[in-house]
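Every heavy atom of this structure was used, including side-chain atoms; hydrogens, water molecules and symmetry mates were not. Just so you know, ligand 1 is whichever comes first in the structure, and atom 1 is the first atom listed for that ligand. If you're wondering where the values come from, they're calculated on a predicted model, not measured in any experiment.
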Amino acid sequence: MKKQTKIVNAGRSKKWTGNVVNPPVERASTVVFDSIKEMKHATANRGDQVLFYGRRGTSTSFAFSDAMTELEGGAGCALYPSGTAAITNAILSFVESGDHLLMVDTAYEPTRDFCHKVLTKLGIETTFYDPLIGEGIAELIQENTKVLFLESPGSITMEVQDVPTLARIAHEHGCIVMLDNTWASPINFQPFEHGVDISIQAATKYVVGHSDVMLGTATATATHWPQLRENSYLMGQCTSPDDLYLAMRGIRTLGVRLKQHQENALIVARYIDAREDVDVVLHPAFDSCPGHEYFERDFLGSNGLFSFVFKGGNQQALHAFLEGMKHFKMGYSWGGFESLVIGVNNVQGLRTATKWPYKAPLVRLHIGLEDVEDLIDDLEQAFVRFHQALI
Ligand SMILES: *Cc1c(COP(=O)(O)O)cnc(C)c1O
């Protein structure tokens, strides 16, 4: 089945939908049984998409898990109330006191914080590594290294990682490979074909796609699925059927939305790249982006999210750029239909294992589904404000 056909059909088995097109929003805490036999059957199979108790899911969550597994690959998908919960729970499922974790230096900030503030307390040590380390990762693997965690492209600075090489070396040393695959969404990078053991999505972003739901997923290989699933139950992770319904609806348009985000973002990125006052465009599809060759080799497409670095400037000019936009709203997160902007004056403050090579401020844009002419007008005026603030 090809990509777009898969997107239309994912998770829509008759078992969950009956005779209508979409699975119902099935709300439940208690599930009631007619006989001891039925109750025993549900209890014995409670890990296996059987109605048992609300926390373990209903047809809405079973359908959504199936959909994500069909799109990402792997043997099963655990659901969490946010992308961050998916990351922390996936890690906690496989580490114990005395273990060591390798975390990419360009990880999403709350992922870094979790290592510093929670794993440290549990006696689990983290080493941050350069996203472009490639084969050099072997030298950082210790006797007690349990997990190699990747995020590709990196948060804010967009470095694309050589996932197959990193995964191969990690496996040679018996480490589990986890990837934050949010930027690619479940359709633009196939994690399990590139050696990943557990793939994580902040479904909050493009899967939901409308900036109205928090949701996370972790999909695992057959080897790792039982332990991931069991830990998600033990930690009491569950998700609302209303939110899952919205996420499922989001999936149906994921392909066409991403195509449009990609097209719009490439036009805007080319406009920015052509400007004299911009030093570098950090968009994986541009060869100015570190790791661009791995994007070309491994990804099936891009999306609306990228960054750029000014040629000069300061914090005041950055603020002048950011304030007063008409279409780009200032806000964290991304992946909805609308355009967003954030600025970072001190990128080095987000990194410990790598040296950030630029002095000037950085801007990250999420290009939404508006008309690009309006977005470029908005940016044009922002650049004018930027320069006025420098006079
Ligand atoms: C947003 C994001 C997360 C966290 O997802 P939440 O649902 O906001 O907790 C994790 N990783 C990446 C790359 C993200 O962009």
Side-chain angles (χ1 to χ4, degrees), residues 64 68 72 77-92 103-115 117-118 128 131 147 149-161 163 178-189 191 196 198-219 232 235 237-240 243-244 246-247 250-251 254 258 261 265 282-284 289 291 295 299 302-307 329-342 344 347 350-351 362 364-368:
F64 181 72
M68 290 299 290
E72 283 224 269
C77 176
L79 308 180
Y80 304 89
S82 69
T84 303
I87 291 164
T88 60
N89 279 277
I91 293 173
L92 286 176
M103 174 58 68
V104 65
D105 201 33
T106 43
Y108 182 62
E109 206 175 355
T111 307
R112 288 186 71 97
D113 287 348
F114 170 73
C115 298
K117 295 178 183 165
V118 180
F128 291 92
V147 171
F149 197 102
L150 292 73
E151 181 178 327
S152 178
S155 268
I156 310 287
T157 46
M158 312 303 287
E159 296 84 348
V160 185
Q161 295 194 262
V163 178
M178 298 186 187
L179 167 71
D180 183 333
N181 195 30
T182 302
W183 189 85
S185 90
I187 63 169
N188 280 336
F189 180 83
V196 170
I198 296 180
S199 175
I200 294 154
Q201 289 285 342
T204 308
K205 308 292 165 57
Y206 281 124
V207 171
V208 166
H210 295 72
S211 306
D212 49 5
V213 172
M214 304 295 302
L215 191 66
T217 67
T219 308
S232 127
M235 298 298 278
Q237 297 299 315
C238 62
T239 44
S240 138
D243 289 348
L244 293 170
L246 290 172
I251 283 179
L254 183 59
L258 278 188
H261 282 291
L282 300 170
H283 183 308
C289 186
F295 171 81
F299 282 70
S302 62
N303 61 32
L305 193 75
F306 69 94
S307 300
K329 309 293 180 196
M330 269 190 285
Y332 297 110
S333 197
W334 48 275
F337 49 80
E338 80 288 11
S339 287
L340 292 169
V341 61
I342 55 170
V344 183
V347 175
L350 306 171
R351 309 282 178 250
L362 171 150
R364 187 185 75 179
L365 298 174
H366 178 253
I367 306 300

Describe, in one word, how the ring planes of W183 and H283 are oriented to each other, choosing from parallel (under 30°), tilted (30 to 60°) and perpendicular (over 60°).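 Ring orientation of W183 relative to H283: perpendicular.
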Looking only at protein heavy atoms, which one is nearest to [atom], and how far off is it?
atom	result
atom 8 (O) of ligand 1	M214 CE, 3.4 Å
atom 6 (P) of ligand 1	G83 N, 3.4 Å
atom 7 (O) of ligand 1	T204 OG1, 2.6 Å
atom 3 (C) of ligand 1	Y108 CE2, 3.3 Å
atom 5 (O) of ligand 1	A202 CB, 3.2 Å
atom 2 (C) of ligand 1	K205 NZ, 2.4 Å

Using every non-hydrogen atom in the two residues, find where H261 and I367 come nearest and quote the distance to one decimal. ND1-O, 2.8 Å
Has ligand 1 got any nitrogen or oxygen that is less than 3.5 angstrom from a nitrogen or oxygen of E151?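 No; the residue has no nitrogen or oxygen that sits under 3.5 Å from a nitrogen or oxygen of the ligand.
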Can you confirm, on distance only, whether ligand 1 has an N/O atom lying under 3.5 Å from any N/O atom belonging to D180? yes
Please check if any side-chain donor atom of S211 sits under 3.5 Å from a side-chain acceptor atom of E338, or the reverse. yes
Please answer whether the main-chain N or O of [Y] pairs with a side-chain N or O of [X] as donor and acceptor at a distance below 3.5 Å.
X	Y	answer
S307	I156	yes
R112	D105	yes
Q237	L79	no
E72	P191	no
S339	G368	yes

Please confirm whether Y332 approaches ligand 1 to less than 4.0 Å, judged on its heavy atoms.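 No heavy atom of Y332 comes that close to ligand 1.
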Does I200 reach ligand 1, in the sense of a heavy atom lying below 4.0 Å from it?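 Distance cut 4.0 Å: I200 fails for ligand 1.
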So if I count the atoms of ligand 1 from 1 in the order they appear, which ones are less than 4.0 Å from some heavy atom of I87?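 Every atom of ligand 1 under 4.0 Å from some heavy atom of I87: 10 (C).
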Taking heavy atoms and a distance under 4.0 Å, where does W334 meet ligand 1: side chain, backbone, both or neither?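 Only the side chain of W334 comes within reach of ligand 1.
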